[in-house]
Amino acid sequence: MLVSTESHRPRFTTLLVAALIGVYLLVVVGATAALSEAVRACSTWPLCSGPIGDLQITIAVGHRIAALLVAVLVLGAAVVGWTEASRRVRRTLVLAVVLYPVQVGIGALVATRNAPSNIAGFHLLTGAAIFVALALALAWQLEDETGDLENRADEEKPITPTPETATTTGSASPSALEPDVSPTDFSRESESDLLSRVRATTGAYFRLMKPRLMWLLCLVASAGMALAAGPSLSVETIVYTLGGGVLSIGASGTFNHVLERDTDQRMARTADRPLATHEVPVRNALAFGVLLTLTSIAVFLQVNVLAAALGFIAIVFYSVIYTLVLKPNTVQNTVIGGAAGALPALIGWAAVTGRIGVPGLALAGIIFLWTPAHFYNLALAYQEDYERGGFPMLPVVYGETVTRKHIIYYLIATLLAASALSALTTLGWLYAATTVVLGAVFLLAVVRLHREQTKRAALRAFHASNAYLGLVLIAVVVDMIAL
Ligand code: HEM
Ligand SMILES: CC(C)=CCC/C(C)=C/CC/C(C)=C/COP(=O)(O)OP(=O)(O)O
């Protein structure tokens with residue numbers, strides 16, 4: 001009996017995932033001006049009467065066929081789920097099934113132009129409501145399906161930090177070289193010794209700047225600039241904005257290392273950091289952080305005062321508010337802390353316009369909502385480490401089931417925000433296709449995380465989060481500048 005139930009559940013979940021991705025595709029098409037214009041090119045309903053071969057008509061017909069296929073998926077999921085899903089999942093499925101024909105009716109009115117002009121916005125909102133209903137059904141179904149198995153699965157494959165330690169990495173190079181030093185080679189050895197020490201120190205200061213985060217944060221700022229300027233974006237603005245950005249990320253990373261040097265020693269992932277191992281003295285790191293802050297402000301000022309002010313706020317927010325106040329004290333630390341990572345979107349927009357504008361805010365909203373969907377995967381992978389460090393991360397406080405569910409919530413919110421950006425800007429098909437395809441890849445990685453519940457699956461979902469945001473931001477830049 002148990003076996004037959006479990007063999008049905010994945011089929012239902014798979015149908016639900018397919019329906020959800022299908023609805024997202026329809027929502028994004030509706031939100032993308034160029035695509036929704038094409039959809040409206042066919043003014044008869046239910047069949048199109050335009051010339052076959054016309055691109056607009058092909059898109060319109062494709063939209064109607066997709067809507068029909070997705071309807072089958074939604075209905076199929078509801079029928080299969082009816083016998084095996086919990087009450088809360090069934091309720092959301094009923095909502096989706098009831099809203100779907102309403103949405104088709106509104107779509108027909110939009111297509112045949114027998115409706116007031118704001119009905120297109122209503123069409124988009126109803127699509128979003130169906131998407132949210134299906135997403136809740138999926139999040140709750142996965143919780144019902146995999147939450148009970150959590151302890152059993154953990155016993156088999158525990159999520160534990162990798163046993164990297166400061167002592168092994170820290171002592172490797174200089175002491176390992178010592179036995180090879182012969183008195184005759186003294187001057188050459190001391191020279192190479194000096195060189196390797198310079199290299200190690202330079203590397204340590206470089207690591208203080210958290211360089212691995214820079215590519216994505218620079219892409220966020222680049223997308224902000226591209227949205228504001230389009231093809232007229234100047235190389236000067238790009239160079240100064242990204243230059244100031246890199247320096248400010250370096251500054252905040254350095255302050256973060258200083259403030260967390262004690263807790264970093266307690267965590268396996270961070271125990272080999274330059275301040276935790278005393279490779280760099282605290283006073284020098286502080287001076288380095290101040291120097292980076294001042295230089296970043298000076299570089300941002302080449303663009304404008306608002307960009308410099310936002311850069312400074314980002315440094316203070318991440319270094320002081322997130323690191324010192326939020327991270328050790330509240331479970332909402334990374335949710336609120338996500339605002340620091342979202343600021344580069346506003347910096348990019350402000351660098352071009354000198355102001356804060358709606359598309360820049362919408363881009364910042366995407367980053368803000370994406371951050372928990374990005375970080376909670378790491379919080380799962382390094383849960384024991386965070387526990388040792390004394391940080392109240394979500395899985396430490398509320399457990400892994402709640403954390404996995406919240407990853408879905410924030411992922412869905414991110415996808416909706418990404419479609420809102422489409423509706424608010426002139427972004428076209430490249431952006432639309434990227435958010436749908438990479439959104440699906442991210443979602444599938446998170447569904448797999450629910451099923452596997454291993455550190456490996458959590459890291460896979462984490463990398464999927466970075467791939468999603470990275471490629472969506474590149475699509476924004478290309479779409480705005482080159483297409
Ligand atoms: C509160 C907010 C955030 C937290 C707590 C967080 C946490 C983390 C942690 C712990 C790592 C692992 C670093 C390591 O390997 O030691 C990481 C990696 C990373 N994060 Fe985040 N992050 C946040 C926001 C962001 C934002 C806003 C971005 C960019 C938009 C970002 C981009 C990255 C990238 C690119 C990596 C490196 C992946 C790699 O190792 O290749 N993060 N993050
Ligand atoms: C423009 C500008 C200054 C932006 C700064 C914003 C910024 C660096 C955002 C990223 C936030 C981040 C990577 C936190 C890392 O978490 P953590 O510090 O908890 O990770 P850890 O445990 O590895 O130290």
Side-chain angles (χ1 to χ4, degrees), residues 161-162 164 207-224 241-261 263-264 266-273 275-276 289 292-293 296-297 299-300 307-324 326-328 332-348 350-351 363-364 366-382 385-386 389 391 393-394 410 414 459 462-470 472-473:
T162 40
E164 321 152 354
R207 276 187 288 144
L208 286 183
M209 296 172 69
K210 298 207 171 182
R212 288 164 74 178
L213 308 174
M214 286 176 180
W215 67 274
L216 199 51
L217 286 160
C218 283
L219 274 177
V220 175
S222 304
T241 308
L242 296 188
V246 162
L247 291 164
S248 62
I249 295 160
S252 54
T254 302
F255 293 134
N256 172 270
H257 276 90
V258 171
L259 295 168
E260 290 191 334
R261 61 191 185 279
T263 42
D264 277 348
R266 296 208 292 271
M267 294 170 62
R269 186 176 59 82
T270 55
D272 65 347
R273 290 187 169 174
L275 280 146
L292 288 171
T293 304
S296 82
I297 293 172
V299 174
F300 273 136
L310 290 170
F312 183 68
I313 290 171
I315 294 173
V316 174
F317 195 100
Y318 176 52
S319 314
V320 182
I321 299 180
Y322 169 70
T323 305
L324 214 53
L326 300 169
K327 190 171 169 185
Q332 292 302 324
N333 48 15
T334 51
V335 175
I336 309 167
L343 278 170
L346 298 184
I347 293 174
L363 181 65
I366 295 177
I367 315 304
F368 180 74
L369 294 167
W370 166 89
T371 300
H374 154 84
F375 172 69
Y376 285 160
N377 297 294
L378 281 182
L380 284 171
Y382 297 111
D385 223 10
Y386 279 115
F391 293 114
M393 298 311 188
L394 192 62
Y410 281 104
T414 305
L459 291 178
F462 167 75
H463 290 303
S465 80
N466 290 344
Y468 170 78
L469 191 64
V472 161
L473 294 170

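When a ligand or atom number is given, it counts from 1 through the structure's own listing order.
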Self-check item: ligand 1 contact on Thr334 by region, counting heavy-atom pairs under 4.0 Å
Solution: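 The answer is both.
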Quiz item: What part of Asn333, side chain from CB on, backbone N/CA/C/O, both or neither, has a heavy atom under 4.0 Å from ligand 1?
Solution: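 No part of Asn333 is near ligand 1 at this cut-off.
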Nearest heavy atom to [atom] wins, so pick from [options].
| atom | options | result |
| --- | --- | --- |
| atom 27 (C) of ligand 1 | Ala340, Gly341, Cys218 | Gly341 |
| atom 10 (C) of ligand 1 | Tyr386, Tyr382, Phe462 | Tyr386 |
| atom 22 (O) of ligand 2 | Glu260, His374, Arg269 | Arg269 |
| atom 15 (C) of ligand 2 | Tyr318, Phe391, Phe375 | Tyr318 |

What protein heavy atom sits nearest [atom], and how far off is it?
| atom | result |
| --- | --- |
| atom 42 (N) of ligand 1 | His374 NE2, 3.1 Å |
| atom 36 (C) of ligand 1 | Leu213 CD2, 3.5 Å |
| atom 40 (O) of ligand 1 | Arg212 NH2, 2.7 Å |
| atom 7 (C) of ligand 1 | Phe375 CD1, 3.4 Å |

Quiz item: Any idea which atoms of ligand 1 are less than 4.0 Å away from a heavy-atom of Leu378?
Solution: 8 (C), 9 (C), 10 (C), 11 (C), 12 (C), 17 (C), 43 (N)
Sub-3.5 Å N/O-N/O distance, [X] and ligand 1:
| X | answer |
| --- | --- |
| Arg269 | yes |
| His463 | no |
| Thr371 | no |

Quiz item: Taking the non-hydrogen atoms of Met393, is any one of them nearer than 4.0 angstrom to ligand 2?
Solution: no
Practice problem: Have a look at Phe375 and tell me which of Phe391, Tyr410, Phe462, Tyr386 forms a ring-ring contact (aromatic ring centres under 6.0 Å, His included) with it. | Solution: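 Only match with Phe375 under ring-ring contact (aromatic ring centres under 6.0 Å, His included): Tyr386.
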